[in-house]
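Inspection log for the structure reproduced underneath, given as structure tokens.
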Amino acid sequence: MLDNNQKLETNILNSVVGFQEAVLKKEELEKNGSNFIEGKGLVRETIRSLHPKRIRLRVENIRIDTPSTKTLEMVSIDGKNLPPFQAGQYINLFVSLQGVLTARPYSISSSPKDLKSYELTIKRAEGGFVSPYLLDDVKVGQEFESTGPMGSFHHNPLFHGLDLVFLAGGSGIAPAISMLKSFLASKELFRFHIIYSNSYENDVIFIDELRNLTAAHKNFILTEFLSREVSSEYKGYRGRLDFSTLQTLLSEPSSKMYYVCGPTPFNEHCAKLLSELGVKSGRILIESNGPPPKPEKMDGWPNSLLPTKEVNVKVGNQKPFKVKVGEPLLNSLERNGYFTENACRSGECSLCRVKLKSGEVFSPPEAKIRKSDKKFGWIHSCVTFPITDVEIQL
């Protein structure tokens, strides 16, 4: 009859790396009578360190990219490495401004291979509330709080393959360049094609770096589009991306994986072109950049309702306050001193859900509201517009 050591030596599982060591460790723990108290909380602490709910950040450096854009290099205030992230993900940066606690999501434009800092590339938003402050007033050494990295807009090695196309509009290049740096550092044989659309020639973010990288790497292709006046030195396409040009640029389009990031009209335009090329929706990943700036232009908006019209919002038993119907409900809540957890501010993550008790709201298609939410009256406040007097529950 075999003893335990002989059984271990003849076990077919010995071919599994680490099996023998695991068995011996188990026997040692059984002999010593351990109840694993020494490891209590270890898993929870590991998860918390990798996926923290909040991070304290300090501005280490500020780089001017274009006349409208700066990159803030953010480091941890404790000097440690920051939590890991997938290229394409974002953090939600919290800002207290003019007595209002608000937040904005910014894609991380640096490489996920370097966790000493996160780089946030921020473009001035016309009529914006937060971006002018971050671009004009923030100084090196200033501290902020943010969420941990989050978002599903990233390469999935199991399903996306290695033939990838990124359609970027303006500041939508931020997640693209993070992906590019990650792919170029990989041993996998990626083919990455960035189709990059902008308005003005002097306001194209990362253009010199992108051109240098495409010259140095055969598996990276850059195609440029400019919609406004250009100089005689400009070598790219002029005007907007259209069906015939996209068809020329892409061979076997249905076999590739597509990432789209830019203003809402740009995203919708690209999705339409790709669909006309025969690309299935499952091969198109779209990252929205905030709520639609002009909801009144979208299908389903009530006829003749001006975005400047005011309605009342009532939260629980509190006194109602007036808001403009063209402003996202989350923004209105923040301006009036109410805070609800939020992250993407684009209708994706659902953290900002509130319950609609009465009244009517407009929710654009990008508000990915689940069937159960619709059944019980939950709405995504970041992309919801109250079009009548409403009462909500936080």
Side-chain angles (χ1 to χ4, degrees), residues 104-105 125-129 152-153 167 169-170 172 240-241 243 258 260-276 279-282 284-315 320-335 340 342-394:
R104 293 294 184 273
E126 184 178 350
F129 181 55
S152 58
F153 188 76
L167 291 86
R240 295 181 70 197
L241 178 64
F243 176 82
Y258 298 87
V260 183
C261 184
T264 300
F266 173 84
N267 293 348
E268 293 174 345
H269 177 64
C270 290
K272 181 175 181 292
L273 294 180
L274 291 172
S275 177
E276 291 172 353
V279 180
K280 294 182 179 180
S281 60
I284 306 171
L285 199 59
I286 299 177
E287 178 79 321
S288 298
N289 276 339
K294 295 182 178 180
E296 70 276 11
K297 302 291 186 182
M298 306 187 74
D299 292 340
W301 184 267
N303 292 332
S304 73
L305 179 63
L306 297 176
T308 53
K309 180 185 177 181
E310 291 188 335
V311 296
N312 293 308
V313 173
K314 188 173 187 294
V315 181
F321 55 89
K322 289 191 175 297
V323 305
K324 292 180 179 179
V325 299
E327 180 180 54
L329 178 59
L330 178 58
N331 293 28
S332 301
L333 289 169
E334 290 174 339
R335 285 194 303 100
T340 182
N342 64 90
C344 72
R345 300 183 83 99
S346 300
E348 176 75 29
C349 72
S350 80
L351 286 176
C352 68
R353 289 189 313 162
V354 298
K355 191 163 189 175
L356 181 66
K357 304 289 287 184
S358 65
E360 296 182 26
V361 299
F362 172 74
S363 294
E366 65 193 73
K368 298 177 176 62
I369 302 175
R370 296 173 295 193
K371 289 182 180 179
S372 58
D373 287 341
K374 291 179 180 179
K375 180 178 179 180
F376 295 104
W378 292 94
I379 55 177
H380 296 177
S381 61
C382 66
V383 288
T384 291
F385 301 85
I387 54 177
T388 68
D389 292 346
V390 298
E391 180 182 352
I392 62 170
Q393 173 187 319
L394 298 183

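Side-chain contact between Cys382 and Asn342 is absent, with no heavy atoms from C-beta onward closer than 4.5 Å. Within the 4.5 Å cutoff, no side-chain heavy atoms of Thr384 are placed close to those of Leu356. Side-chain contact between Leu330 and Thr340: present, with at least one pair of heavy atoms (C-beta onward) separated by less than 4.5 Å. The shortest distance between side-chain heavy atoms of Ile284 and Val279 falls below 4.5 Å. Side-chain contact check for Leu273 versus Leu167: every heavy-atom pair is 4.5 Å or farther apart.
Under the rule for a side chain to side chain donor-acceptor pair (under 3.5 Å), the partners of Glu276 that lie at least two apart in sequence or sit in another chain are Lys272. Qualifying side-chain contact (heavy atoms from CB on, under 4.5 Å) partners for Pro320, counting only residues two or more places apart in sequence or in other chains: Asn312, Lys314. A search for side chain to side chain donor-acceptor pair (under 3.5 Å) contacts involving Lys374 returns nothing, not counting sequence neighbours. The salt bridge (charged side-chain N to carboxylate O under 4.0 Å, His left out) check on Arg240 picks up nothing, with sequence neighbours excluded. Looking at residues two or more places apart in sequence or on another chain, you find no side chain to side chain donor-acceptor pair (under 3.5 Å) involving Thr264. Listed by chain and number, the residues in a salt bridge (charged side-chain N to carboxylate O under 4.0 Å, His left out) with Glu268 amount to none (sequence neighbours excluded). For the ring-ring contact (aromatic ring centres under 6.0 Å, His included) test, no residue two or more places apart in sequence or in another chain qualifies with Phe243.
Thr388 places a side-chain N or O within 3.5 Å of a backbone atom of Glu360 that can act as its donor or acceptor partner. Side-chain atoms of Thr308 never come within 3.5 Å of backbone atoms of Leu306 as a donor-acceptor pair (strictly under, hydrogens ignored).
Rounded to the nearest 0.5 Å, atoms CD1 (Ile286) and OH (Tyr258) are 13.0 Å apart. Atom CD of Glu310 sits about 6.0 Å away from atom NZ of Lys322, to the nearest 0.5 Å. Residue Leu329 holds its CG atom at 9.5 Å from OG of Ser363, rounded to the nearest 0.5 Å. Atom-to-atom distance recorded for Leu285:CG and Ser152:OG is 6.0 Å, nearest 0.5 angstrom. A distance of 6.5 Å separates CG in Asn267 from SG in Cys261, rounded to the nearest 0.5 Å.
Between Pro386 and Val313 the shortest heavy-atom distance is CG-CG2, 4.4 Å. Across all non-hydrogen atoms, the minimal contact from Pro263 to Gly169 is CD-O, 3.7 Å.
Applying the salt bridge (charged side-chain N to carboxylate O under 4.0 Å, His left out) rule to pairs touching residues 383-394 yields nothing, sequence neighbours excluded. The side chain to side chain donor-acceptor pair (under 3.5 Å) pairs that include a residue from residues 324-335 are Thr102-Glu334, Glu327-Ser332, Glu327-Arg335, Asn331-Arg345, Glu334-Arg345, where partners are two or more places apart or lie in different chains. Screening residues 365-386 for ring-ring contact (aromatic ring centres under 6.0 Å, His included), with sequence neighbours left out, gives no hits.
Heavy atoms from other residues, nucleotides or ligands lying under 6.0 Å from NZ of Lys355 number more than 12.
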Result block: side-chain N/O donor-acceptor pairs under 3.5 angstrom for residues 347-354, not counting sequence neighbours:
from	atom 1	to	atom 2	distance (Å)
Glu348	OE1	Lys368	NZ	3.4
Arg353	NH1	Asp373	OD1	2.6

Run the side-chain donor-acceptor check on residues 295-302: report pairs under 3.5 Å with partners two or more places apart or on a different chain.
from	atom 1	to	atom 2	distance (Å)
Trp301	NE1	Leu305	O	2.9

